[in-house]
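Quick note on labels: first sequence line is chain A, next is B, and so on, each numbered from 1.
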Amino acid sequence: AEVEVLHYWTSGGEAKSAAELKKLMEAKGVSWKDFAVAGGGGENAMTALKARVIAGSAPTAAQIKGPSIQEWGKEGVLANIDVAATEGKWDASLPKVVSNVMKYKGHYVAVPVNVHRVNWLWVNPEVLKKAGATAPTNFDEFFVAADKIKKAGLIAVAHGGQPWQDATVFESVVLGVGGAAFYQKALVQLDPASLNSPTMIKAFDTLAKIKTYIDKDAAGRDWNLATAMIINGKAGMQFMGDWAKGEFSAAGKQPGKDYLCLPAPGTDKAFTFNIDSLAMFTVKGADQQKAQLTLANTVMSPEFQEVFNLNKGSIPARAGVSRAKFDSCALKSMDDMDATSKSGGLVPSFAHGMAIDSAKAGAIQDVVARFMNSTMTSQAAALALVKAAKAK
Amino acid sequence: MLLILCALYYLAPLYVMLTTSVKTLDEIRAGNLLDFPARINLNAWQKAWNGACTGVRCEGLAPYFWNSVKMAVPAVLISTLIGSVNGYVLAHWKFRGSEIVFTALMVGCFIPFQVVILPMARLLGLAGLSNTTAGLMFVHIVYGIAFTTLFFRNYYVSVPDELVKAARIDGAGFFRIYRSVILPLSLPIFMVCFIWQFTQIWNDFLFGVVFGGTDAQPVTVALNNLVNTSTGVTEYNVNMAAAIIAALPTLGLYLLAGKYFVRGLTAGAVKG
Amino acid sequence: MASLSIRDVRKVYPNGAEILKGINLDIEDGQFLILVGGSGCGKSTLLNMIAGLETVSEGGIYIGDRCVNDVPPKSRDIAMVFQSYALYPTMTVRENISFGLGIRRVPVAEQKKIVDRVAETLQITHLLDRKPAHLSGGQRQRVAMGRAIARNPSLFLFDEPLSNLDAKLRVEMRAEIKLMHQRLKTTTVYVTHDQVEAMTLGDKIAVMRDGVVQQFGSPQDIYDRPANMFVAGFIGSPSMNFMRGKVLQEQQQLHFVLEHQGRSTLLPIPAEQAAAIQRLAPANGEIVLGIRPEHVTDAASARRAEHSETYSDAHHPTEVDCIVELTEPTGPDTLVFSSFNATRLTCRTHPRAAAMPGQPMRLAFDLSKAVFFDPVSEQSLK
Amino acid sequence: MASLSIRDVRKVYPNGAEILKGINLDIEDGQFLILVGGSGCGKSTLLNMIAGLETVSEGGIYIGDRCVNDVPPKSRDIAMVFQSYALYPTMTVRENISFGLGIRRVPVAEQKKIVDRVAETLQITHLLDRKPAHLSGGQRQRVAMGRAIARNPSLFLFDEPLSNLDAKLRVEMRAEIKLMHQRLKTTTVYVTHDQVEAMTLGDKIAVMRDGVVQQFGSPQDIYDRPANMFVAGFIGSPSMNFMRGKVLQEQQQLHFVLEHQGRSTLLPIPAEQAAAIQRLAPANGEIVLGIRPEHVTDAASARRAEHSETYSDAHHPTEVDCIVELTEPTGPDTLVFSSFNATRLTCRTHPRAAAMPGQPMRLAFDLSKAVFFDPVSEQSLK
Amino acid sequence: MSVNHPSSPVLPTASVPLTRRLAHLGDRWLPRLVLSPTVFASLLFVYGFIAFTAYLSLTESRLMPDYSFAGLEQYSNLFDLDRWWVSAANLGIFGGLFILICLITGLLLAVFLDQKIRLEGALRAIYLYPMALSFIVTGAAWKWILNPGLGLEKMVHDWGYTQFSMDWLVDSDMAIYTVVIAGVWQSSGFVMALFLAGLRGVDDSIIKAAMVDGASLPTIYRKIVIPALRPVFFSVLLVLSHIAIKSFDLVMALTAGGPGTSSDVPAIFMYQFSFTRGQLGLGAASAMMMLMTVLAVLVPLIYLETKEAGRAR
Ligand SMILES: Nc1ncnc2c1ncn2[C@@H]1O[C@H](COP(=O)(O)OP(=O)(O)OP(=O)(O)O)[C@@H](O)[C@H]1O
Ligand SMILES: Nc1ncnc2c1ncn2[C@@H]1O[C@H](COP(=O)(O)OP(=O)(O)OP(=O)(O)O)[C@@H](O)[C@H]1O
Ligand SMILES: [Mg+2]
Ligand SMILES: [Mg+2]
């Protein structure tokens, strides 16, 4: 039997992590057919997936996440894997926020691979030291530090000018400026009043200011190249999810020493989560179905969750994974997740398609991208957000 | 001279790609874009061919390269041949409505390919051809015919009708005339079509990624994956080497047969 | 070998144009039929229909009593030579000639024998291994002819086979085609727009205009007794002269009144024509005199001809003075152009008799060969 | 208007081929020079050199005493008409004609006047707003000519301007060109490979072969006294007949011995030629008799001609019997082909005198106009 | 009809041997038979799919085709989207400039190459080779060259000219022009080849005639040769507008529509909305708009051309 998995885990740490899964599957006698489609934040992958589904030859599993799982569920092409879930007692080991996302109409149709925290700020302490700056905890401090780095002749903020990266910074800023409750109202419930509120305008103002610390070559730069700038000491700070850690690890860097992982300014009480998951598609033949269940079990197994997340920089989606090998960043992530899930600071990442459906998310992303790449005023941007939120 | 200056502009990207591909990473980072490589280093080529990772697999471009060959060669041959026969009919066996057929076919050149993805996927699925080289070939043939027919028809129009008449009187039938009289005359236009179709099909990305599945992924998709797959640092030299490898067959075709290209165009493919 | 009949044939192209409007022609086995006419009159269309390359819209084409309307070209037992020769450019001369034989499954040895024989007849043996691109125009023409002969068809079709050759070669090839026909005696249909070819080659000529046969007859018949002004003007080089004028009866003799620089000269009309004219001429007595250049000549030549009446009819040419406008020495004769009441008149004179342009000259009109036409219907009066 | 001299002109193409091998020609102001010769003999090359479109390898070209070797075409004050007419396809007829004027900065009003005048002369006024693609062959020819006339150049160059027209039109346009030249009197160089055009149009003819001028003279001169067998065969249609044979002195009279079906007939040679022959003939006494078809005619016509000696020299034609192989009626005359010792002989006879092929016929040879050649050097004996 | 031909017993055509009649029928029907698969394929795969897309654009389709009718709603949504108008405007800029510059450079190169210069073969190959590269490769190479931190700008800075600035790739106002640069680089060689072929077809004697008429070489090209290339212009326009309107790979590889959405073009727009954003209906509507643009450009062009050709006949 074999499983075919469509994914776009192609950069540094991701690719290594995917390779682990392949190894584990092959150890269980299931061969792995790699259907990697890189580029464009999964755009090509989604196109290919649609073509495959329409052709009636869906892959065993595909990297789909968040509300999209529901959308696919509506199309009736996902497989029910409750069998594996009961057997593996997933309900018990998955936090509610996670398991909700994995279910369609109360049945498991997808397996979570990990939980990413998006609201991180990655810092090169060397650079800070050279510039005489200290690690920021809020935006005021952030801009002080940024000014110093800039004066030292280095790039303050490493960034890649792609819409999803713009959105990543944006959501961290909104979270930092407005707090979790505001974030929830604005970017999850899309409340028009919140979207066009002074807070939102302030968030845009902040974003506009951050823009001034970004080098002009950022346009089109891949995130990992931006991360590389931190690693090489060319730049001081980067807003990026915890997958950036994979790049640091791959470069042999130690957390706390060679780099710092800080919550994005003003968001230490919050956690934007981004769950990677594999949605399971209906496959034909008992053999294939068995392989699919094996895949689901393997993905959920603590062993896999451990190695995968060690490589990728994220934290396991399930409970019961040994914390021993995880580094300080990951441990902080785990703790914060626990804490925020109780305090209500645990919010879905809008930039990574966890909060709202793809049409609205895309529309908002367009607004942010336009704001980042033009002289649009904050007021206009806020108004545009209201309009974008109506997209269908 | 002006022409030489222009030539430099045209050559610059190729030069950059070539030199970059034989530099080491350190040299690239330290040096200038136009610097000549200090030492020619073929490791990047080696790696691009059979070592670099595309997604989880780390087999380089080689397997995908052969996928492309297996797909492109038959697709080019078949679409050219069909185009040739079609052009022959449209130029020398006109019937009521053949002009309309021709115009209608021409419109086919302009359909945006994104439009056809979903319905085509469904049809391929029904035919059991999805994710196969055969399926990909089929798609390329279907959307290549419009252009090849156009080329051949315009070329064959310049072949005197009297040749066909003479052969008919000599007793030859439809296919015999095609084989004995028309085909031997068609070398220049075949070259044009080969070049055009091969370039189009070999360089296609969209169909490859959508209909190629895992087994039939062509080299362009692999190149894209390779360029986007990185382990820490972007290996520009490997990427450039890969890009050149992916372009080698078409480049080679242009260099070998480029002469025929202009000649074939001159011989009649140009006319609207 | 076969006779050919064309009965009420009409051709309407899909675009609705009626190109042939009821053609009737009959030739016997072995005859040489010429289709002649201006460009676009439908000659090629008719030939293509005989060949089976175009469908017949109406009527019937019969080759040796068999209606071939629905017979495909390859089964009609014909061979055709095209204006552009239509040699297969990628084949050698030998292959060109044997192509049709090969298709008809003639054994290879036999093919070779035929090709060699044909090549010898046409003196192209040394060219057999060349490609058409390496042949001169005349050589190509020969090969095209060889390809036609090789098959030994019962009907030859030629579509302006000589019009791409230069003047000299055209004259030579014309004679060769005629000799070949004399030898092979294959029924032949030959399209041309060159009236000299029509005159010299044909047993029968069909003069066409706008899809209608204007006259069908032997060359000499058409030359001497054209049915209408179109045929009269078309056949003969230089063209027949046409002069409009009145007839005048005087002293038992009908005259044509030639108005000229304010004076009128009376040209007596021979008896036979006079009768027809009196019967058919329009009420106002105005008719068109058609007279060929060789019948308007210098007075001396005319007088000399009169002396020995061997061939000329017993008729006394009338002499008229004129001013020469232009002379064209062709070698054996010199053409002299002059004007009568704004009508250009061409005469054929002895080279030494022609006066210089601007000089006066005395011309002799021999009306015994003249033809008269109705100026409205343009039909010959007879 | 200008005279034209070509002095020792040679042309070597970059590929090393020597195409013109020392050409010398002189014509006076207002004369009409014809360059005639087979395909590839270098006529167009020479014309292009006169136009300045090709460089001169050696020698000099003088237009009105000025050496123009290094003068660009536009400053030579010439106009040229091409075989393909070379009309500018995207311009209307009016624009075509006025293009050269515009470039020479002729005021627009003036241009219009010139175009209108030219158009009227050529009767193309109604075509002025059409594009060349919508014109017939003859109309295009006229426009090309109009373009040349409009500029009123001092030298006209024509490169086979009529060869794309059909026979009928060619004859008409030929006369028009001649008339135009008579009116404008512009010095003209005219390239053709049609010897009839050469004869009828030229004041002077240069017959070329392989880059060498074979003979340069007036049309009648070249026709009557060709310098060699090439010129003799090239000029005249149908071609001059050549017969190889011995001369025989008998009773004070030199004879040409015509061997024929085992018998020999003696053809007496007129006195003047006889002298030259005796002086120049090769030792074995074998020479080539060149006689034009119109001087071998049916016996009756010959006798008739003899009666009135107005133009024919006092010479008694010799009658010979032969078998007719082929006849070609052209209308005014009929050509009769016969063979003497495998040499084809063409005769021009009265239409009614020609016998049927295969029948015997009595021919009369008029040697007074014959030309004799050295069989080796092929030069005329005189 | 039947005229005075009493004799000649006419053989009925039915007595023609069957095989012969089949052969005849063969030659009449074979052409249509041979063409029919193509016609069928084009009906299905081109027109069928266009119809399918047209229908989709009238439905509420989101992630997957959904056949409930929604009227023109998708179109009104589309026209409400700023991003659509940005991409349309970009297509205008890109298409216009790309076609114009390709035409001019292609024509100039062809005219210069036509002057019987040495090296013609080599130069021709150099101008033509970019055609051989896929847009993916072209995009990657130019992205690198135009990248201010890596390519041209850095190079010139290294040479000491630090004022030099070539940052179009990352400037949202200028990014679309970099697409033009790369597009021209790739396609102008092909245009050159087409024009060269056309120039070679121009009757030599026309040029001679113009020389005799007194025109200088530039005048000859301007007034006579280039106007005579009209049909070639038509082909070139056809091919170039085809490339421009379908340009997807190039933009994707070079700027991916960025910075932001500033270099977005309709092809990318429709791709993203149809496949990434789950707004298939909207994507279909944009595709229909693209198609209509194509037709709006092509139909008059083809009409004019055929009319011209028709009159010339
Ligand atoms: N396939 C066709 N459809 C419509 N009209 C046609 C077609 N072929 C020829 N014609 C028209 O039929 C007429 C006669 O054409 P045809 O070729 O028979 O003339 P032709 O007498 O051979 O002239 P030419 O001497 O120029 O060869 C022309 O006016 C031509 O335009
Ligand atoms: N550019 C050239 N380079 C080399 N040879 C040439 C060139 N142009 C013409 N020739 C050769 O020069 C010879 C004479 O050519 P030219 O065109 O003058 O002949 P022509 O007498 O005009 O013949 P035609 O009657 O066929 O027009 C030919 O053999 C031709 O092949
Ligand atoms: Mg014809
Ligand atoms: Mg010439």
Cut-off 4.5 Å, heavy atoms of chain A, and the answer for B:Val221 is neither
B:Thr132 meets the side chain to side chain donor-acceptor pair (under 3.5 Å) criterion, sequence neighbours left out, with none
The side chain to side chain contact (heavy atoms under 4.5 Å, CB included) partners of A:Glu303 (sequence neighbours excluded) come to A:Ser301
Tightest non-hydrogen contact, residues A:Ser57 and B:Ser130, listed as OG-OG, 3.3 Å
message: Can you confirm whether A:Glu26 is buried at CD, in the sense that more than 12 heavy atoms of other residues, nucleotides or ligands lie under 6.0 Å from that atom?
response: yes
Subject >> Derivation and outcome, side chain to side chain contact (heavy atoms under 4.5 Å, CB included), residues A:Thr47 and B:Ile117 >> reply: CA-CA 9 Å; A:Thr47 314; B:Ile117 289 176; 4.1 Å; yes
Here the pair of heavy atoms bringing B:Leu118 nearest to A:Lys50 is CD2-CB, 4.2 Å
Value for CG (B:Leu124) from CZ (A:Arg52), rounded to nearest 0.5 Å, stands at 11.5 Å
Heavy-atom closest pair (B:Arg122 atom, A:Ile54 atom, distance to 0.1 Å) is NH1-O, 2.7 Å
